[in-house]
Amino acid sequence: MKRIFFPLCTIMLGTAVAIADNNITSEQIAGNDEQNKNTYVEGDTKLPSTYIEGNKKLSSTYLEDSSEKNAEDSWWKKIRATGSIQTEFLIPYDFKGNKTGEYEKDVLNNTYFDFTVNAPYVSVGARFQWAKWPLPGYDKGFGGWGVPYIWATGGYKCWQATVGDFYEQFGSGLILRTYQERSLGVDNAIRGGRIKVNPAPGVHLTALGGKQRRYWEWNASWLWGADAEWSLNETFKEKFRKNTGITLGFSYVGKHDKDEQIKVTPSGSIMPNPEPGYNYYLNFPQNIAAFDGRVKVRANDFNFLLEYATKNNDPNSLNNFTYRRGQAVLLSGTYSKSGFSALLQAKRSDNMDFRSKRVIDAEYMLSSTVNHLPAFTLTQTYALAAMYPYATQADGEWAFQADIRYLFKKKTPLGGKYGTNVRLSASYISGLDYFKPAGALSSDREPGTNQYKSPFWKIGSLYYADLNFELNKKLSRKYQMTLFYMFQKYNQTIVEGHGGMVTSNIFIYEGQWKMAKKSQLRFEAQYLQTKQDKGDWIAGLVEVSFAPHWMITLTDTWNSARNDNYYSFLVTYNLKANRFTFGYGRVKEGYNCSGGVCRWVPETKGFNLTYNYTF
């Protein structure tokens, strides 16, 4: 154990000493909070549209030279460097020095170092990533190290151009969304070029092309696309009232795959059958086109979005080489006024798994995604409420979601002295009702056909449903509480491939007590009741913070049916822009999900250490 701990302590101590020696003050720190989040998306830096050189008097050569020198000095003074470091270690040993799992190395680590230089008109940046021996549960191709992300962006007036690696999203992402989600190991950046133009008020044009990242490689397929958005209320301001507007959008994404021959059997296997005449080759389209059109309307407190996307036949290993076209439609409406908000939305998708690689291995399932289909479920932050998360089924689904929030004002019967916030939300997600033989699954369709079509309005079997109620109430100047209830139906067979329907009731109480000016106590009590899967669960959390430096967290999750216990103890220390976390625990296996995309995380036990720094 000494050979594990001493190098780590030396690294962390050396970093802290270096920072202290530089006397970094809070004013010197850029503090880009976005880079501290798990999801990292390189945004479009808004560059100055004009460059002020100062007043030059052309009649005086001396003053002109002096002005040019001052302008040059001013340009250099505007250069700023920002960046972040995020590193996480797992040491799979218990207190007795016994190894707690079969791992290649004694220390597992994921590290990201982002560095950006901003100057007038230009920004350049790169990311160094170390995951030679990554944390458990990531795709096979995730392991490695190097500089997979490097870019340069230049802008002048209404133009902006990017070369290198970049992320982009058209509309809601139904045909294009590239992004990074570190907790999942997703990074599907495009390496190539992109141009953005704003030729007139309210008009935004984007064109791009390149190849997509697949962990430490880039897929052979070429991607290109264009997007246009026109906000009529910005172009014709005099024609629209205040807080009203219409935005039109249209997108196109193309993919070119190399010609290849894949021999399959009628069962869909790409392993040839030895029986003569049983195998056949598929004739693949080399060029795939996807289109997206959308309309956004704002009318005072109301907002509406209607979006439709379609994709040419795109046979691949994930849709069993079907030649059926893909399509998705999304309808969303929101209302927001002081003290009240409501959301109602629906989505239907069919065969919309869009990848830049035709054959996806089981160990690379989270790679090469071109688009993103949002999950219409509430993002859960409590441990037991997040135990059965839903993963979007790209093969096809109907999804509905409603969310209502209301604030009971102060000094009313339900608001009391401080007011009361309530929230009610629900989700319902089902499969499509395919035309198929009795007992057949949608995945049973014969490769090379467009079998098993679905009528648009018909709804299939239940995949997921939940009903959530949340109440937030401040009881005194120093204490506030949250009550949360969730009813859930989770089709474990659809999401995980086994288990049937799991029905659960989840009850949660959270309290926050401000003990003193710089200290606070937060605690949670959670209970999950179900007769399926592993039965009932009980969870608790106690967290004490002493601002601005220390936070101590203790959690415990217990399965009463199997008398199985999972626990963690964490100590967090903040020093200016540095954040250290050290802990020990046993983490339960399960799915880690974000936006309907999920990664299976195996059970782990041992010491963990994380460090974050932003400058």
Mind checking whether N118 and I79 have side chains closer than 4.5 Å, heavy atoms only?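 The answer is no, as the side chains (C-beta and beyond) never meet within the 4.5 Å cut-off.
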Tell me, do M551 and Y573 make a side-chain contact under 4.5 Å, heavy atoms counted?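 A side-chain contact under 4.5 Å is absent here.
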Please check this pair: side chain of E397 against backbone of Q393, looking for a donor-acceptor N/O pair closer than 3.5 Å.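 Yes, the answer is positive, given that a donor and an acceptor are paired below the 3.5 Å cut-off.
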For the side chain of D139 and the backbone of M365, is there at least one donor-acceptor N/O pair under 3.5 Å apart?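 A pair under 3.5 Å: yes.
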Six-ring centre of Y179, R177 cation under 6.0 angstrom, axis tolerance 45°: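 Here R177 passes the 6.0 Å and 45° test against Y179.
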Minimal non-hydrogen separation, [X] against [Y], with atom names:
X	Y	value
N371	G173	CB-O, 3.5 Å
N110	A131	OD1-CB, 4.1 Å
M352	G326	SD-C, 3.5 Å
R127	Y112	CD-CD2, 4.1 Å

Donor + acceptor pair across side chains of W558, N563 (<3.5 Å):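 Checked: W558/N563 side chains pair up, N/O donor to acceptor below 3.5 Å.
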Less than 6.0 angstrom separating the ring centers of W600 and Y591, yes or no?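 Under 6.0 Å, so yes.
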I need the single residue from Q380, K588, Q488 that forms a side chain to side chain contact (heavy atoms under 4.5 Å, CB included) with M387. Which is it?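 Among Q380, K588, Q488, the one that satisfies the side chain to side chain contact (heavy atoms under 4.5 Å, CB included) with M387 is K588.
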